[in-house]
Amino acid sequence: MALSQLSADAVELGRFRHYMQKEIFEQPDALANTLEMAGAAKSVQPGLFGADAEECLRRVDSVLILACGTSYHSGLVARYWLEAIAGIPCTVEIASEYRYRVSVPRAEQLVVAMSQSGETADTLAALRYARELGQNKTLAICNVPESAIVRESLLRFITRAGPEIGVASTKAFTTQLAALFLLTLVLAKLRGRLDAAQENGHLVALRHLPAAVQKVLALEPEIAEWAQGFAGKQHALFLGRGHHYPIALEGALKLKEISYIHAEAYPAGELKHGPLALVDKDMPVIAVAPNDALLEKLKSNLQEVRARGGELYVFADADSEVHAAPGLHVLRLPEHYGPLSPILHVVPLQLLAYHVALVKGTDVDKPRNLAKSVTVE
Ligand code: G6P
């Protein structure tokens, strides 16, 4: 969308220095607006994904998510949810790869085209290719209702993030995750994997998300302080495990995009298979470490980093039992959030990238060589 077509509210920076910062802070509202579509009911309805959704979703036997960039990372998080909660096999593929490879079509597979803009050339081409292969059960999850990807899909879910102007995607990502969680609940219910109490529990947690994100945003001053330590670095390593591994990927992407620091993300268990060789005092390591089933394993990975003199920055939560020490910085997110924890944990990584870019003085909203919507191959 051209800037001239946007409402005054969207263009007005108000108290913020950049659109990216404003959009990070708009996430509680963007999530609340997106979740409003599910209404106040105690159960989620397939109709959220379009009039014909129930008939279509009832029969799908697997899910294939196609996307690029940040949208690809939301798909990677959803894979954990779809398999664990809905018990449905899920693959996530980069659209530019899928569109050019010979794959085995599955007529009963739900093809999800994830795209903030709905116009990304590779995602649109991947969607068309899937249809050529006879994969007609298609769903667009998108922030722009009139976009090509929405028009060409059978089902749709329009996130209500509002216009996103900063090139680095933030609120579009978290609202995509909210949409994918709703999809997980709908599929879980249709497949008999969710009783009323579990469904209600998930819905209560979803509805509390905007307030929970608001509390995470209050960590901005501490994160801004951490950012000072990154500005002189050439490289950074992000670690996560389980459904926080894609959040580590997204944190690394944000840092690369706007601060031009080379950043990589690894599932922490892979550390010993290569990246550990890189760790020294010049390589800050950022770990996403909420108190979940994998925390103990992650802590031993963090020990390996400390033993090699790496400076560690850990995003824990209230009960993670990781304590600050020399070379080990810890920030605690106020709440532990179960399956929805990735939505909270990406927020401090967005803020970290933003503040590192501020310290470095880069063009935050329009990073060099990048475009908001990549409509050509
Ligand atoms: C560009 C943007 C990214 C975005 C990606 C996919 O690279 O800079 O922020 O994640 O395209 O865009 P989409 O609109 O399909 O989500």
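Remember, it's 1-based here, ligands and their atoms both numbered in the order they're listed. Keep in mind that what you see is a predicted model, and the values were worked out from it rather than measured.
For the residue pair Gln350 / Gln27, a side-chain donor-acceptor distance below 3.5 Å is found, with atom types taken as modelled. Side-chain contact, Glu119 with Thr375: no donor N or O sits under 3.5 Å from an acceptor N or O. No hydrogens or angles considered: a donor-acceptor pair under 3.5 Å links the side chains of Lys254 and Thr70. Using modelled atom types and a 3.5 Å distance limit, the side chains of Ser169 and Gln116 yield no donor-acceptor pair. A donor and an acceptor atom, one from each side chain of His262 and His235, are located under 3.5 Å apart.
On a distance-only criterion, Val167 and ligand 1 share at least one N/O pair closer than 3.5 Å. In terms of polar-atom proximity, Ser115 is counted as a contact of ligand 1, with an N or O under 3.5 Å from an N or O of the ligand. Residue Gln176 places no N or O, backbone or side chain, under 3.5 Å from any N or O of ligand 1. Close N/O approach between Ala371 and ligand 1 is found [any backbone or side-chain N/O within under 3.5 Å].
Closest heavy-atom approach to atom 5 (C) of ligand 1 among the candidates Ala67, Cys68, Gly166: Cys68.
Only the backbone of Lys372 comes within 4.0 Å of ligand 1, counting heavy atoms alone; no side-chain atom from C-beta on gets that close. Counting heavy atoms closer than 4.0 Å to ligand 1, residue Ala172 contributes nothing at all.
Each of the following atoms of ligand 1 lies closer than 4.0 Å to a heavy atom of Gln116: 13 (P), 14 (O), 15 (O), 16 (O). Ligand 1 places these atoms under 4.0 Å from at least one heavy atom of Ser169: 9 (O). Each of the following atoms of ligand 1 lies closer than 4.0 Å to a heavy atom of Thr70: 10 (O). For ligand 1, the atoms lying closer than 4.0 Å to a non-hydrogen atom of Ser117 are 13 (P), 14 (O).
Protein heavy atom at the shortest distance from atom 12 (O) of ligand 1 is Thr120 OG1, 3.3 Å. Among protein heavy atoms, the minimum distance from atom 7 (O) of ligand 1 is reached at Val374 CG2, 4.0 Å.
Screening Val359, Leu352, Val356 for a side-chain contact (heavy atoms from CB on, under 4.5 Å) with Ser259, the sole residue that qualifies is Val356.
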Inset, instruction - Show your reasoning for whether side chain to side chain donor-acceptor pair (under 3.5 Å) applies to Gln228 and His355. - result: CA-CA 8 Å; Gln228 304 291 334; His355 282 282; over 6 Å; no
Inset, instruction - Begin from the C-alpha positions of Gln45 and Ser43 and carry the test side chain to side chain donor-acceptor pair (under 3.5 Å) through to its verdict. - result: CA-CA 7 Å; Gln45 299 308 323; Ser43 74; 2.9 Å; yes
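Here the two rings, on His18 and Tyr354, have centers that are under 6.0 Å apart.
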